[in-house]
Novice: 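Handing you this structure, nothing more for now.
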Amino acid sequence: MSLHTDQKRLTAPEITARKGGDPIVALTSYHAHTAAIADKYCDFLLVGDTLGMVMHGFETTLPVPLELMIMHGRAVMRGAKRALVVVDMPFGSYEESPAQAFRNAARVVKETQCGAIKLEGGRRMGETIRFLSERGIPVMAHIGLTPQSINVLGGFKTQGRKHDQWAEIEEDARIVAEAGAFSVVLEALVEPLAVKITKSVPIPTIGIGASAQCDGQILVMEDMLGLSPRVPKFVREFGEVGRAIEKAISSYATEVRARSFPGSANVYEDKK
């Protein structure tokens, strides 16, 4: 009996091979049912630590524990069958040393069965990216605006507005690529810099608030669905799910108070 299934899940090398080709489509996902829907259209799904903000009400991503990432990673893996699933490494789980990063990343991969992890940081994470990649853990890098560093950056600020910042950010991109990252997220970068980096590195760039010329795009699902109360400039709302939910709940409350729900179609009759 063959252990292989008909449907093959995308892998990190296949994402890397898309460099300069058809745009890579990605979204964040935190639960099985949205993962099952997005799986039909996305090349990879990111279990982002933004779940701390959009699902758990934290003001930043910093309080998110590793255990929470693993729990949501498992859920997304149960829902997605084709897309590569990438799980964010939360703040404090990888910065101390390559050994710490491997220990925690290995746990994420073993317990969720995801295909890759993502970590934030450019040149300072080069050694760690190489350490993980050489030991069998595909790494997606993340440069530009790195939300886990907002206390140092002074908030969620666009990066590269001044040309004297460009060289350092370009160096970040070069180093993570050379260290073995299979792709790199460019967040909140001025467009000309994002285009320049995309042309200069051999791995796919995934833009979020960067440029349409990046090799792929990602958004927080709740933002693009219209579920988030406030969104950055770089978000386009492709749906109005928040309004639809509010309308449905309002209608439900009205009917309950009027005793028109449940109706005859929603209750069980006894047997005659």
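Heads up: numbering here begins at 1 and tracks the sequence.
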Novice: Check A194 against C214 and note the closest heavy-atom contact, atom names and distance.
Specialist: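 Closest pair (atom of A194, atom of C214, distance): CB-SG, 4.3 Å.
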
Novice: Spell out, as yes or no, whether a donor-acceptor pair under 3.5 Å connects the side chain of E120 to the backbone of D88.
Specialist: no

Novice: Is a side-chain donor or acceptor of T34 paired with a backbone partner of H31 at a separation under 3.5 angstrom?
Specialist: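 Checked: pair present.
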
Novice: How many angstroms lie between CD1 in I169 and NZ in K196, if you round to the nearest 0.5 Å?
Specialist: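 Interatomic distance, I169 CD1 to K196 NZ, rounded to 0.5 Å: 11.0 Å.
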
Novice: Is there a donor-acceptor contact under 3.5 Å from the side chain of S211 to the main chain of Q213?
Specialist: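 Side chain of S211 to backbone of Q213, a donor-acceptor pair under 3.5 Å: yes, one is there.
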
Novice: Would you indicate whether the side-chain heavy atoms of I143 and V184 approach each other to under 4.5 Å?
Specialist: yes

Novice: Would one find more than 12 heavy atoms of other residues, nucleotides or ligands at under 6.0 Å from atom CD of E246?
Specialist: no

Novice: May I ask you to check whether over 12 heavy atoms, not counting those of R243, lie within 6.0 Å of atom CZ?
Specialist: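 Not more than 12 within 6.0 Å, no.
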
Novice: If you measure from CD1 on I137 to CD1 on I129, what distance do you get to the nearest 0.5 Å?
Specialist: 12.5 Å

Novice: Yes or no on side chain to side chain contact (heavy atoms under 4.5 Å, CB included) for L225 and F238, after CA distance, side-chain angles and deciding distance?
Specialist: CA-CA 6 Å; L225 288 178; F238 288 84; over 6 Å; no

Novice: Walk me through it: do V47 and V85 pass the test side chain to side chain contact (heavy atoms under 4.5 Å, CB included)?
Specialist: CA-CA 7 Å; V47 186; V85 175; 4.0 Å; yes

Novice: Please report the interatomic distance NE2(H142) to CG(L119), rounded to the nearest 0.5 Å.
Specialist: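 If I round to the nearest 0.5 Å, the distance is 10.5 Å.
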
Novice: Looking at CD1 of I203 and CZ of F182, how far apart are the two atoms once the value is rounded to the nearest 0.5 Å?
Specialist: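 I203 CD1 to F182 CZ: 9.0 Å, rounded to 0.5 Å.
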
Novice: Under the salt bridge (Lys or Arg N to Asp or Glu O under 4.0 Å) rule, collect the residues that match up with E191, sequence neighbours excluded.
Specialist: none

Novice: If you measure from CG on L132 to CZ on R130, what distance do you get to the nearest 0.5 Å?
Specialist: 11.5 Å

Novice: Kindly say whether T198 contributes a backbone atom to a donor-acceptor pair with the side chain of K19 at under 3.5 angstrom?
Specialist: yes

Novice: Which heavy atom of P63 sits nearest to which heavy atom of T60, and what is that distance?
Specialist: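 That would be CD-O, 3.4 Å.
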
Novice: State, yes or no, whether a side-chain contact exists between E237 and M224 at a heavy-atom distance under 4.5 Å.
Specialist: no

Novice: Starting at CZ of R161, measure out to CD of Q159 and round the result to the nearest 0.5 Å.
Specialist: 9.5 Å

Novice: For residues I206 and L186, determine if any side-chain heavy atom of one lies less than 4.5 Å from a side-chain heavy atom of the other.
Specialist: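 In short, these two side chains do not touch, never coming nearer than 4.5 Å.
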
Novice: Give the intermediate values and the outcome of salt bridge (charged side-chain N to carboxylate O under 4.0 Å, His left out) for residues R18 and D215.
Specialist: CA-CA 8 Å; R18 295 276 293 274; D215 296 295; over 6 Å; no

Novice: Would a distance-only check, ignoring hydrogens and angles, find a side-chain to backbone donor-acceptor pair under 3.5 Å from W166 to L193?
Specialist: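 Side chain of W166 to backbone of L193, a donor-acceptor pair under 3.5 Å: no, none is there.
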
Novice: Can you spot which of E67, M55, M77 makes a side chain to side chain contact (heavy atoms under 4.5 Å, CB included) with H72?
Specialist: M55

Novice: Any non-hydrogen side-chain atom of F44 less than 4.5 Å from a side-chain atom of L27?
Specialist: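 No - every pair of side-chain heavy atoms lies 4.5 Å or more apart.
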
Novice: Are V235 and L145 co-members of a hydrophobic cluster defined by side-chain heavy atoms under 4.5 Å apart?
Specialist: no

Novice: Quick one: closest heavy-atom pair of V87 and G73, and the distance?
Specialist: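 Distance-wise, the nearest heavy atoms are CG2-CA, 4.3 Å.
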
Novice: Are L66 and F102 grouped together when hydrophobic residues (ILVMFWY) are joined by side-chain heavy atoms under 4.5 angstrom apart?
Specialist: yes

Novice: Side chain to side chain contact (heavy atoms under 4.5 Å, CB included) for I15 and M140? Distances and angles first, verdict last.
Specialist: CA-CA 10 Å; I15 296 297; M140 178 177 288; 5.6 Å; no

Novice: Is there any side-chain hydrogen bond (donor to acceptor under 3.5 Å, both in side chains) pair reaching into residues 225-236, and which pairs are they, with sequence neighbours excluded?
Specialist: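 For residues 225-236: D223-S228.
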
Novice: Let me check something: do F91 and F58 share a hydrophobic cluster, defined by ILVMFWY side-chain heavy atoms less than 4.5 Å apart, either directly or through other members?
Specialist: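 Different clusters.
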
Novice: For F131, is the NZ or CZ atom of R135 found under 6.0 angstrom from the centre of its six-membered ring and inside 45 degrees of the ring axis?
Specialist: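 Verdict for F131: a cation-pi partner in R135.
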
Novice: Assess the residue pair Y30 and T28 against the criterion (side chain to side chain contact (heavy atoms under 4.5 Å, CB included)); give the C-alpha distance rounded to whole Å, side-chain angles, the decisive distance to 0.1 Å, and a yes or no.
Specialist: CA-CA 7 Å; Y30 312 123; T28 63; 3.3 Å; yes

Novice: Would I175 and V139 show up in the same hydrophobic cluster when neighbours are defined by side-chain heavy atoms closer than 4.5 Å?
Specialist: no

Novice: Is a side-chain N or O of D39 found less than 3.5 angstrom from the main chain of R82, in a donor-acceptor match?
Specialist: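 Looks like yes, one N/O pair under 3.5 Å.
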
Novice: If you take all heavy atoms of A181 and A141, which pair is closest and at what distance?
Specialist: CB-CB, 4.0 Å

Novice: Measure from the side-chain N and O atoms of N104 to the backbone N and O of A101, and report whether any donor-acceptor pair falls under 3.5 Å.
Specialist: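 A pair under 3.5 Å: no.
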
Novice: Test salt bridge (charged side-chain N to carboxylate O under 4.0 Å, His left out) on R174 and E171; report intermediate values, then the result.
Specialist: CA-CA 5 Å; R174 182 186 66 80; E171 184 76 353; 2.5 Å; yes

Novice: Might you point out which heavy atoms bring P90 and D49 nearest each other, and give the distance in Å?
Specialist: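 So the two residues come closest at CA-OD2, 4.5 Å.
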
Novice: Kindly say whether A80 contributes a backbone atom to a donor-acceptor pair with the side chain of R9 at under 3.5 angstrom?
Specialist: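 Indeed, once roles are kept as given, a pair shorter than 3.5 Å links the two residues.
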
Novice: Taking V25 as the starting point, is it possible to reach L45 by hopping between hydrophobic residues whose side chains are less than 4.5 Å apart?
Specialist: no

Novice: Do C114 and V109 have side-chain heavy atoms sitting under 4.5 Å apart?
Specialist: yes

Novice: State whether a side-chain donor-acceptor pair under 3.5 Å links T11 with E14.
Specialist: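 Looking only at side-chain atoms, E14 and T11 do form a donor-acceptor pair, the distance falling under 3.5 Å.
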
Novice: If you take all heavy atoms of Q100 and G92, which pair is closest and at what distance?
Specialist: NE2-O, 2.9 Å

Novice: Keeping R123 on the side-chain end and E168 on the backbone end, is there a donor-acceptor pair under 3.5 Å?
Specialist: yes

Novice: Got L62 and Q148 here, is their nearest side-chain heavy-atom distance under 4.5 Å?
Specialist: yes

Novice: Is there a donor-acceptor pair under 3.5 Å between the side chain of S250 and the backbone N or O of K247?
Specialist: no

Novice: Would you say E178 has more than 12 foreign heavy atoms packed within less than 6.0 Å of its CD?
Specialist: yes

Novice: Do L189 and T158 have side-chain heavy atoms sitting under 4.5 Å apart?
Specialist: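 Side chain of L189 against side chain of T158, heavy atoms only: no contact under 4.5 Å found.
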
